[in-house]
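Report on the following structure.
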Amino acid sequence: MKVILYIALFTGIITYLFWGFMPKGSFYVGNSFFIMMLCIYIYLKDKESCISFILFSLALNNLLDELFFDNTKLELNEIMVGLAIIIFAIIKRKNDRKISRNNK
């Protein structure tokens, strides 16, 4: 798991030191990848947390938005990720209630 942190650190350093020499827009992609790697690390440390899943989902959406979509507009991918997070939170809450009722 430390490999993920090393990759994130390397990406962050390269992105911030050499952004002037990179092609246009690559700073934002590098920054998104850096944030994504940090969120992957957080999610792998605590897979049961709803907050870590939300961070992971939003960072993934940000990276995909920088790579494939128009990052200056609110498009279908942002709406779909928002709905997926809401659905996941509802399902997780129902499952947590079932588990807590069974333990009593």
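Source: prediction; values computed, not measured. Just so it is clear, the values below take in all heavy atoms, side chains as well, and ignore hydrogens, waters and symmetry mates.
- At a threshold of 4.5 Å between side-chain heavy atoms, the hydrophobic network of Ile, Leu, Val, Met, Phe, Trp and Tyr places Val29 and Met37 in one connected group.
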Donor-acceptor pairs are to be reported for all side-chain atoms of residues 12-22 against protein atoms at under 3.5 Å, with residues two or more places apart or in another chain.
| residue | atom | partner | partner atom | Å |
| --- | --- | --- | --- | --- |
| Thr15 | OG1 | Thr11 | O | 2.7 |
| Tyr16 | OH | Asn31 | OD1 | 3.0 |

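- Follow the hydrophobic side-chain contacts under 4.5 Å out from Leu5 and you never reach Leu9; the two are in separate clusters.
- Separation of atoms SG (Cys39) and CG (Leu44) is listed at 11.0 Å; rounding is to 0.5 Å.
- Under the ring-ring contact (aromatic ring centres under 6.0 Å, His included) criterion, Tyr43 pairs with Phe56, not counting sequence neighbours.
- For the atom pair CD1 (Ile40) and CG (Leu55), the distance works out to 12.0 Å, reported to the nearest 0.5 Å.
- Among all heavy-atom pairs drawn from Ala59 and Met36, the shortest one is C-SD, 3.7 Å.
- The other residues sharing a hydrophobic cluster with Val81 are Ile54, Leu58, Ile85, where clustering joins ILVMFWY side chains under 4.5 Å apart.
- In this structure, Asn61 and Glu78 have side chains that are in contact, with non-hydrogen atoms separated by less than 4.5 Å.
- No donor-acceptor pair closer than 3.5 Å links the side chain of Ser32 to the backbone N or O of Glu66.
- Rounded to the nearest 0.5 angstrom, Asp65 CG and Tyr28 OH are separated by 13.5 Å.
- Listed by chain and number, the hydrophobic cluster partners of Ile91 are Ile87, where partners are ILVMFWY side chains within reach of under 4.5 Å, directly or through others.
- With sequence neighbours left out, the ring-ring contact (aromatic ring centres under 6.0 Å, His included) criterion links Phe34 to no other residue.
- The OH atom of Tyr41 lies 7.5 Å from the NZ atom of Lys2; values are rounded to the nearest 0.5 Å.
- Here the closest heavy-atom approach between residue Ser26 and residue Pro23 is recorded as OG-O, 2.7 Å.
- In this structure, CG on Leu38 lies 10.0 Å from CD1 on Ile4, to the nearest 0.5 angstrom.
- When hydrophobic residues (I, L, V, M, F, W, Y) are linked wherever their side-chain heavy atoms come within less than 4.5 Å, the members clustered with Ile79 are Leu83.
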